Amino acid sequence: MSKKAKVTVIGSSSMDLVVTSNKRPGAGETVLGESFKTVPGGKGANQAVAAARLGAEVTMIGRVGDDHYGEIILNNFKQNGVNVDYVEPVTEMESGTAHIILAEGDNSIVVVKAANDEVTPAYVDQIVEVIKNSDIVLIQQEIPEETVEHVAALCSELGVPLMLNPAPARSVSDEVIEKAAYITPNEHEAKIIFDGASVENSLRKYPNKLFITEGKNGVRYYDGTEEILVPSYAVEAVDTTGAGDTFNAAFAVALAEGKSLQDSIKFANRAASLSVMKFGAQGGMPTRKEVEANL
């Protein structure tokens, strides 16, 4: 790896408030939990930290509140080697939070965007130079929809590849789909984005652009000739939170370094599989060395 990949992440940063329990409560039900932890999260922040651990030069574009959580989030970025010159605290507003229940081998999440709603098109316009000098830009959907549209147009204009991780799921305009270089929904998100179209039809429509992640089964895409499933790696999962973010970051880093599509997906699958073996979205995110040792 001669030069470091320059990855810019535009997205959310938040505090994850995580409860673990044997049972997920139904409506009106109270259950006893086993533990409670607060850990830095947010899709944007997770992807930035994962990319930095994998050896990329990462700049985060986002907002936090001027509260205690905001300070923790900024310090966490710095400890992981992420450039925070463009993560400005918003005055008199709280940082974003995600309220996560880990139960029955899966997670349920409620996200409160708060300061993340201040990642506006006008805020992004201040950092056009950063985008221009990036090898790849990563964006998700915990920030305003118009910002995603604005960034897609900017990247297209500047000739910088954009990877859209369309989570949480909401409809995505045809322009954004057209302008993004890579789109990485899971099966559930793909159904919402493509109006319930079959996986096969969606993939054929967007060869080498649409990559549908299927959890432990792997990643599916259409290469222009045939549908390809790149299998994942079997591991004992402890916490699946952040696996998708690790996948996206690793995929972006590998592509920015010039790896082939297949090799980039294998690298990303390996990173994601390692990430679920420890607690917390960022807790298990592997280093470059760990991924390469396990490839």
Side-chain angles (χ1 to χ4, degrees), residues 1-13 43-62 77-78 80-87 119 123-141 143 147-166 176-184 206-211 213 219 221 230 244-272 285-289 291-292 295:
M1 197 175 83
S2 49
K3 77 172 187 68
K4 277 190 167 198
K6 282 189 178 169
V7 176
T8 297
V9 180
I10 302 174
S12 58
S13 315
K43 287 199 160 296
N46 290 345
Q47 292 177 17
V49 167
R53 287 195 192 159
L54 293 167
E57 188 181 307
V58 183
T59 301
M60 178 71 195
I61 313 297
F77 277 136
K78 289 172 192 164
N80 281 284
V82 175
N83 178 343
V84 291
D85 291 353
Y86 309 99
V87 184
V119 185
Y123 188 70
V124 169
D125 282 340
Q126 300 170 40
I127 50 94
V128 173
E129 275 309 303
V130 177
I131 292 177
K132 199 186 275 180
N133 293 317
S134 307
D135 293 320
I136 196 164
V137 172
L138 257 171
I139 200 163
Q140 326 73 31
Q141 301 198 133
I143 56 173
T147 307
V148 175
E149 289 174 356
H150 188 65
V151 171
L154 260 179
C155 286
S156 169
E157 207 177 291
L158 296 168
V160 175
L162 174 70
M163 182 177 290
L164 169 66
N165 174 218
V176 170
I177 291 170
E178 218 39 66
K179 286 169 180 165
Y182 309 99
I183 304 172
T184 57
Y206 301 106
N208 299 324
K209 170 185 278 207
L210 178 61
F211 300 85
T213 58
V219 177
Y221 74 104
V230 183
D245 294 330
T246 305
F247 171 84
N248 277 278
F251 191 26
V253 170
L255 288 167
E257 289 172 2
K259 286 186 170 60
S260 71
L261 271 181
Q262 286 258 20
D263 285 347
S264 296
I265 295 170
K266 275 182 195 154
F267 179 78
N269 279 348
R270 184 75 269 194
M285 287 175 170
T287 61
R288 181 73 180 219
K289 215 171 170 178
V291 178
E292 286 180 344
L295 264 178

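Computed from a predicted model, the values in this text were never measured in an experiment.
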Are M60 and F77 close enough, and set up right, to give a side-chain contact (heavy atoms from CB on, under 4.5 Å), and what steps lead you there? CA-CA 9 Å; M60 178 71 195; F77 277 136; 3.6 Å; yes

Could you tell me if Q47 and D245 have a donor-acceptor pair between their side chains, going purely by distance under 3.5 Å? yes

Could you measure the distance from the CD1 atom of I127 to the NZ atom of K132? Nearest 0.5 Å is fine. 12.0 Å

Would you find a donor on one side and an acceptor on the other, under 3.5 Å apart, between the side chain of K209 and the backbone of I177? yes

Minimum heavy-atom separation for A50 to A249, with atom names? CB-CB, 3.5 Å

Interatomic distance, Q141 atom CD to L164 atom CG [nearest 0.5 angstrom]: 5.5 Å

Donor-acceptor contact present, side-chain S12 to main-chain K43, <3.5 Å: yes

For residues N80 and R53, determine if any side-chain heavy atom of one lies less than 4.5 Å from a side-chain heavy atom of the other. yes

From I61 CD1 over to I131 CD1, what is the distance, rounded to the nearest 0.5 angstrom? 7.0 Å

Between A48 and V82 the two heavy atoms that sit nearest each other are O-CG2, 3.7 Å

Rounding to 0.5 Å, atoms CD1 (I136) and OH (Y182) come to a distance of 5.5 Å

Is a side-chain N or O of Y86 found less than 3.5 angstrom from the main chain of I10, in a donor-acceptor match? no

Taking D135 for its side chain and K6 for its backbone only, find out whether a donor-acceptor pair lies under 3.5 Å. yes

Any side-chain heavy atom of L54 sitting closer than 4.5 Å to one from V291? yes

Short side-chain to backbone donor-acceptor contact, T147 and I143, under 3.5 Å: no

Okay, side chain of N165, backbone of Q140: is any donor-acceptor separation there less than 3.5 Å? no

What's the spacing between I139 CD1 and E149 CD if we round to 0.5 Å? 10.5 Å

Quick check: do F247 and T213 have side-chain heavy atoms less than 4.5 Å from each other? yes

Nearest heavy-atom neighbours spanning S134 and V130: OG-O, 2.7 Å

Under 4.0 Å between a side-chain nitrogen and a carboxylate oxygen: does that hold for K266 and E292? no

Nearest 0.5 Å please: distance from the NE2 atom of H150 over to the SG atom of C155. 10.0 Å

Please check this pair: side chain of S260 against backbone of D263, looking for a donor-acceptor N/O pair closer than 3.5 Å. yes

Is NZ or CZ of K259 both nearer than 6.0 Å to the six-membered ring centre of F267 and within 45° of the ring axis? yes

Begin from the C-alpha positions of V7 and E57 and carry the test side-chain contact (heavy atoms from CB on, under 4.5 Å) through to its verdict. CA-CA 6 Å; V7 176; E57 188 181 307; over 6 Å; no

Begin from the C-alpha positions of R288 and V253 and carry the test side-chain contact (heavy atoms from CB on, under 4.5 Å) through to its verdict. CA-CA 10 Å; R288 181 73 180 219; V253 170; 3.9 Å; yes

Measure the acute angle between the ring planes of F211 and F251, then classify it against the limits of 30° and 60° as parallel, tilted or perpendicular. perpendicular

Would you please test L138 and T8 for side-chain contact (heavy atoms from CB on, under 4.5 Å) and show each step? CA-CA 6 Å; L138 257 171; T8 297; over 6 Å; no

